[in-house]
Protein chains: 2
Amino acid sequence: MSTIRDVSKLAGVSVATISRFLNQSGYVSKEAEETILAAIQKLNYKPNNIARSLAGKKTSTIALLVPDILNPFFPEIARAAEDAASRLGYTLILCNTDHNPDKERNYIDVLINKRIDGIIISSYTIRPEQIYALEAENIPVVVIDNAWHDTSIVSISTDNRAGGQMAAQHLLECGCRKIGHICGPYHIAAAKDRMLGYEDACSQQEWFTPSLMVYGDFSVSGGYHAMRELYDKHPDVDGVFAGNDLMAAGAMKALHELGVRIPDQMKVIGYDGIQMDMFSPALSTIAQPIYSIGELAMTYLDQMIKEKPLEKKSYPIDVQLIVNASSRLP
Amino acid sequence: MSTIRDVSKLAGVSVATISRFLNQSGYVSKEAEETILAAIQKLNYKPNNIARSLAGKKTSTIALLVPDILNPFFPEIARAAEDAASRLGYTLILCNTDHNPDKERNYIDVLINKRIDGIIISSYTIRPEQIYALEAENIPVVVIDNAWHDTSIVSISTDNRAGGQMAAQHLLECGCRKIGHICGPYHIAAAKDRMLGYEDACSQQEWFTPSLMVYGDFSVSGGYHAMRELYDKHPDVDGVFAGNDLMAAGAMKALHELGVRIPDQMKVIGYDGIQMDMFSPALSTIAQPIYSIGELAMTYLDQMIKEKPLEKKSYPIDVQLIVNASSRLP
DNA sequence: TATCAATGTGTAACCGTTTACACACATAGT
DNA sequence: ACTATGTGTGTAAACGGTTACACATTGATA
């Protein structure tokens, strides 16, 4: 493995000139360029990015911290972030935290030691102090899917309450006369906000009762069991809003087993807009622009890394009602 | 950001002693340990891994090259590889190549420049020469889901032909009297082998005709259209083996639309064993131990990095028939 | 002709670690 | 008393780049 000094020797110019040539910085004559190029090719020289990073203080590496890449929401984020990262000349480190604060802390330490240029975090469990620890080391952070208002932390997030309201409102407009809600984990702000949105839309209806809100854990099986529980308590529900698409899928599975036809007897709507093109009937949902979120996160992060000022700290993103067969009017 | 020299100064010992302490190498007295620890804490010192890598020739970073993390097969691989990597003290870089040779080449160059310790590759398009390029730079490679026999390349793979045969055989045993096959892209060895397995099982049947094999592109919509085409040509098929689970899902969607009941009128089996717990009826499949594949890849890679000899070059993994509702006997 | 800017190049310090080597001292074995 | 071995520490040279600074040459301008 040859070094810049080997190239320097072979080409008969100083290492500084080679470096200038490689980085297109400063002046290099035509002749020098040619001899350098020839030497590089002859030696199959590849600049060592480790050394570059040490001297230049930039690793061209960013990290993406997610709870679990197996949750279909995150591959889409990862894909978007990676596409943007690659376009901007960064490489993407993937970290799964499983909502585990120890793992989070541990990863953050490792990433600080690696002197990554920036980090995108999606986490329900992380505490602002940990973000400040990163900022103390001059590592820019963008948080997605979880906003702390009134902090200096840059975040990209959607209005879950408005989205929840939109979902419930849609079912009302479809003519549903009793709408249940499968709620995500209470300690997750997004889940709670979506539930509040549901309440905004439904709590004044004469049929409303709190037992229409059942608990799921954002997973398919959570949605499945929640749906059975809901149907047990209220066999007359004719619409259900699940706090995310995975639970909606679980609910539809339960309904299928119960012989309840969708959308004739029951309309279903989810939340997130993850890719579920294999589904039949296709699921209505409140779609977040997942790809855009990942892409924007990377874009803002890049600006922070380049020390360009950002306009705002908090970037709200709009959600969109997608009507599909699962809630289509007869 | 303090350095080892700052710690050295504050603790009143040489940098060598600090380094020995940090790496638990060589002798360090109890007293030295204590003063060092105190100094580290006081300065909030974090060892710079870039410098470490430069001096030590190890980056503790490995890369995972996949076609597309959005394909549900790969998050499972990524999760497994990342779990194992993290356990072994590595960090995982994620790269999407989209089956695009240019992107592959580009990533490989970048990764060489970053002096990653090793790389796991899943690609249908990559050429052995590119792997040799990595090996020339002393970067160990493990290839998954694609074996080149008679080469020095370490690979983990399954016997797709046997798996395809198993799938078709299963449908025969279920009493199917005319079985179609939705085949993946011809240029992908795995797809072709699965098709050959199907032929092994079915080509001697009196009902067999080549037009029972239709083409899909390993995607949901590919499977959907292939199923419609197949049903068009042969409305009397009562069993279909799709070359992967995504196409099986697309096929089931098409069948649902066509009003064909599964499994009564048509039995369906897929291939891969990706997570599809939201599906109803649940899909039968030839399951690859996806998690194990990712985990083993990382394990073997670690051994290669540590220069421990590997027993073999080619690690064959067994697949398993999973019978679910989509092919259950009446 | 003197002055200046633009072009082109080289020397050497620096980035923050690891580690080979030298050295000092204690303890134990002969 | 002499060696060998184990323990503990420090100096300084790597690792492979970047870049500040000094210096030389050229051509244009006053």
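A note on names: the letters A, B, ... follow the listed sequences, proteins ahead of strands, and every chain is numbered from 1.
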Given R52(A) and N23(A), is the side-chain hydrogen bond (donor to acceptor under 3.5 Å, both in side chains) satisfied, shown in steps?
-> CA-CA 11 Å; R52(A) 260 216 248 249; N23(A) 301 292; 3.1 Å; yes
Let me see the working for T61(A) and K114(B) under side-chain hydrogen bond (donor to acceptor under 3.5 Å, both in side chains), right down to the final yes or no.
-> CA-CA 10 Å; T61(A) 302; K114(B) 286 207 187 249; 2.9 Å; yes
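Rounded to whole angstrom, the span from the CZ atom of R52(B) across to the C1' atom of dA14(D) amounts to 17 Å. In this structure, the CZ atom of R20(B) is 7 Å from the C1' atom of dG8(D), given to the nearest Å. dT7(D) atom P lies 15 Å from atom CD of E31(B), rounded to whole Å. A straight line from NZ of K57(A) to P of dG17(D) spans 17 Å, rounded to a whole angstrom. Between the CE atom of M1(A) and the P atom of dG16(D) there is a distance of 9 Å, rounded to whole Å. Between the C1' atom of dT9(D) and the NZ atom of K30(B) lies a distance of 16 Å, rounded to the nearest Å. To the nearest angstrom, P of dT11(D) lies 12 Å from CZ of R5(B). Rounding to whole angstrom units, CZ of residue R115(A) and P of dG17(D) are separated by 21 Å.
Nearest heavy-atom pair across A81(B) and I120(B) is CB-CD1, 4.3 Å. The two residues K46(A) and R115(B) come nearest to each other via the heavy atoms O-NH2, 3.1 Å.
Heavy atoms of S19(A) sit under 4.0 angstrom from at least one base atom. K58(A) comes within 4.0 angstrom of nothing in the nucleic acid, heavy atoms only. Nucleic acid contact class of N49(A) (heavy atoms, under 4.0 Å, all strands): none. Residue-level contact check: F21(B) touches neither bases nor backbone, having no heavy atom under 4.0 Å from any strand.
Under the 30°/60° scheme for interplanar angles, the aromatic rings of F218(A) and Y124(A) are found to be tilted.
Taking the charged nitrogens against the carboxylate oxygens, E76(A) and R79(A) have no contact shorter than 4.0 Å, which rules out a salt bridge. Using a cutoff of 4.0 Å between basic side-chain nitrogens and carboxylate oxygens, D6(A) and K9(A) are not scored as salt-bridged. Between R87(B) and E295(B), at least one side-chain N (NZ, or NE/NH1/NH2) sits under 4.0 Å from a carboxylate O, which counts as a salt bridge. Look at K306(B) and D302(B) and you find a salt bridge, because one of the NZ, NE, NH1 or NH2 atoms lies within 4.0 Å of a carboxylate O, short of that distance.
A sub-4.0 Å separation between OP1 or OP2 of dT9(D) and a side-chain N or O of S29(B) is present. Not one side-chain nitrogen or oxygen of Y27(B) sits closer than 4.0 Å to the OP1 or OP2 atom of dT5(D).
Boundaries of the chain B contact region on DNA chain C are dG16(C) to dT19(C), first to last in 5' to 3' order (nucleotide atom under 4.0 Å from a heavy atom).
For the helix from dT1(C)-dA30(D) to dT30(C)-dA1(D), the terminal axes (five pairs an end, C1' atoms, rotation from four pairs onto the next four) enclose an angle of 50°, given to 10 degrees.
E307(B) CD: 12 or fewer foreign heavy atoms inside a 6.0 Å radius.
Where G26(A) and V15(A) meet DNA chain C, the nucleotide closest to each residue was compared, and G26(A) sits on the side nearer the 5' end. When each of G12(B) and L22(A) is assigned the nucleotide of DNA chain D with its nearest heavy atom, G12(B) is the one assigned upstream, toward the 5' end.
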